[in-house]
Every structure is written in structure tokens, then in C-alpha cells.
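Structure first, commentary second.
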Amino acid sequence: QVQLRESGGDSVQAGGSLELSCVVSGYTFRRLRMGWFRQVSGKEREGIASIWTGNGNYIYHDSVKGRFTISQDNAKNAMYLRMKDLKPGDTAMYYCAAEPSPVNSLPTLKSSGFSSWGQGTQVTVSS
């Protein structure tokens, strides 16, 4: 069973930067579709970035393109989300997600494409 441990959430001023980390255990890291989602209380969970660890292919939601960068470190079994130029609208609980796949797969921003979820890490951006 895939287990995910997120970290890195914090409170920052608008324009600031943060890096979220998600460490994976319980499955071969290079055979995972992984993603970052965020959720504001009362709203649906939103996919913002996803990567297929087999080849590093990634996609972004339009709202974060140019500001957020998803990456992976195979040696550390970890995925990262580097966030810059943060805005108050980025305030949310951020979740790491993963879906094992024994065959080549594609990234997706749909929550239905993931079966394992982390506990979430809070990002708060003040103006």
C-alpha cells in the first residue's frame, strides 16, 4: 500500500515562496502517477499539478502555470511542489496523491485518478 507523508506548509506573505514535499513508501517510486491537490473548506478539491514518475512528464492547472514547479527525486522517493509568487488565493490545504501503475501512465489533474492520499499540509498566504 502506498503511503504518503507531506511537509512544508506554512504561513507566508503574498509574493513569497514555499516548497512542499511528499515522501513515498510502500511502492516502487518510478511506477507512480503522482499529483498535488488543494482544497479550501466548502469547495471541491482541485488538482494543480501532476507527474508520471516513470518519465517525469507533468501537467499543471492554468492557475499555477509559471508560478509552481513539480519535480521528483528518485533517490529520496520524493515529489516536490515549488511555489513562488504566492497569492492569497493560493491559501488552502495541500494534498499529495499517488496512483500505482505497473505500466506506463499519464499525469492527470482529476482526483478520481488517485487512490492514495496524504494527510494534507496547510498553506496560508496573507496580503
Side-chain angles (χ1 to χ4, degrees):
Q1 183 178 355
V2 179
Q3 295 182 322
L4 307 171
R5 187 177 75 250
E6 302 131 327
S7 61
D10 205 344
S11 296
V12 298
Q13 296 282 332
S17 299
L18 280 175
E19 182 173 76
L20 306 182
S21 301
C22 176
V23 177
V24 179
S25 60
Y27 197 82
T28 304
F29 183 71
R30 293 294 300 274
R31 307 307 301 177
L32 291 168
R33 170 195 295 149
M34 298 196 69
W36 287 102
F37 289 74
R38 64 186 181 187
Q39 188 170 26
V40 175
S41 181
K43 294 188 177 181
E44 288 188 5
R45 192 168 293 188
E46 173 186 54
I48 56 173
S50 177
I51 192 167
W52 164 243
T53 60
N55 59 13
N57 280 353
Y58 55 83
I59 57 174
Y60 295 104
H61 190 279
D62 286 346
S63 64
V64 304
K65 282 181 181 176
R67 299 190 299 123
F68 291 10
T69 303
I70 190 170
S71 63
Q72 64 187 82
D73 186 329
N74 298 331
K76 296 182 178 179
N77 284 359
M79 175 183 67
Y80 303 96
L81 186 69
R82 180 68 179 170
M83 306 183 291
K84 66 178 184 180
D85 190 23
L86 283 162
K87 306 174 181 180
D90 294 317
T91 295
M93 184 71 78
Y94 283 70
Y95 296 91
C96 168
E99 177 64 24
S101 177
V103 298
N104 288 340
S105 187
L106 295 170
T108 182
L109 299 180
K110 297 180 179 179
S111 59
S112 59
F114 300 88
S115 57
S116 297
W117 294 84
Q119 79 286 355
T121 187
Q122 179 68 36
V123 172
T124 301
V125 184
S126 56
S127 57

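Values below: every heavy atom of this structure, side chains too, minus hydrogens, waters and symmetry copies.
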Legend entry - Connected via hydrophobic side-chain network under 4.5 Å: Ile51 and Tyr27: yes
Inset, instruction - To the nearest 0.5 angstrom, please state how far the CZ atom of Phe68 sits from the OG atom of Ser63. - result: 7.5 Å
Legend entry - Atom CD of Glu44: over 12 foreign heavy atoms under 6.0 Å: no
Inset, instruction - Calculate, to the nearest 0.5 Å, the distance between atoms CG and CG belonging to Leu106 and Asn55 respectively. - result: 8.5 Å
Inset, instruction - Find the distance between OG1 (Thr69) and CG (Leu81) and round it off to the nearest 0.5 Å. - result: 8.0 Å
Inset, instruction - Could you please spell out the steps behind the side chain to side chain contact (heavy atoms under 4.5 Å, CB included) verdict for Val24 and Val2? - result: CA-CA 7 Å; Val24 179; Val2 179; 4.0 Å; yes
Inset, instruction - Quick one: closest heavy-atom pair of Ile48 and Leu109, and the distance? - result: C-CD2, 3.8 Å
Inset, instruction - For Ser105, enumerate each residue passing the side-chain hydrogen bond (donor to acceptor under 3.5 Å, both in side chains) test, keeping only those at least two apart in sequence or located in another chain. - result: Arg33
Legend entry - Between NE2 on residue His61 and CZ on residue Arg38, distance to nearest 0.5 Å: 7.5 Å
Legend entry - Asp62/Lys65 ion pair, N-O < 4.0 Å: yes
Inset, instruction - Provide the closest heavy-atom pair for Ala98 versus Leu4 in the form atom of the first, atom of the second, distance. - result: N-CD1, 3.8 Å
Legend entry - Residues in ring pair (Phe, Tyr, Trp, His ring centres under 6.0 Å) contact with Tyr58, at least two apart in sequence or another chain: Tyr60
Legend entry - Separation between OH of Tyr80 and SG of Cys96, rounded to the nearest 0.5 Å: 11.5 Å
Inset, instruction - Report the residues that fulfil side-chain hydrogen bond (donor to acceptor under 3.5 Å, both in side chains) with Arg30, sequence neighbours left out, ordered by chain and then residue number. - result: none
Inset, instruction - Considering non-hydrogen atoms only, spot the tightest contact between Thr53 and Phe29 and give its length. - result: OG1-O, 2.5 Å
Legend entry - Residues forming a side-chain hydrogen bond (donor to acceptor under 3.5 Å, both in side chains) with Arg45, sequence neighbours excluded: Gln39
Pairs of donor and acceptor atoms involving the side chains of residues 111-118, under 3.5 Å and at least two apart or interchain, shall be tabulated with distances.
from, atom 1, to, atom 2, distance (Å)
Ser115, OG, Glu99, OE1, 2.6

Legend entry - Side-chain touch Met34/Gln72, heavy atoms, less than 4.5 angstrom: no
Legend entry - Whether over 12 other heavy atoms sit under 6.0 Å from Arg82 CZ: yes
Inset, instruction - For residues Arg31 and Pro102, report the shortest heavy-atom separation together with the two atoms involved. - result: NH2-O, 3.1 Å
Show me, pair by pair, the donor-acceptor contacts under 3.5 angstrom made by side chains of residues 9-21, not counting sequence neighbours?
none

Inset, instruction - Could you pull out the closest heavy-atom pair between Arg67 and Asp90, with the gap in Å? - result: NH1-OD2, 2.7 Å
Legend entry - Pair Ile70-Met79, side chain to side chain contact (heavy atoms under 4.5 Å, CB included): steps then yes or no: CA-CA 7 Å; Ile70 190 170; Met79 175 183 67; 3.8 Å; yes
Inset, instruction - Rounded to the nearest 0.5 Å, what's the gap from CZ on Phe37 to NZ on Lys110? Could you check? - result: 11.0 Å
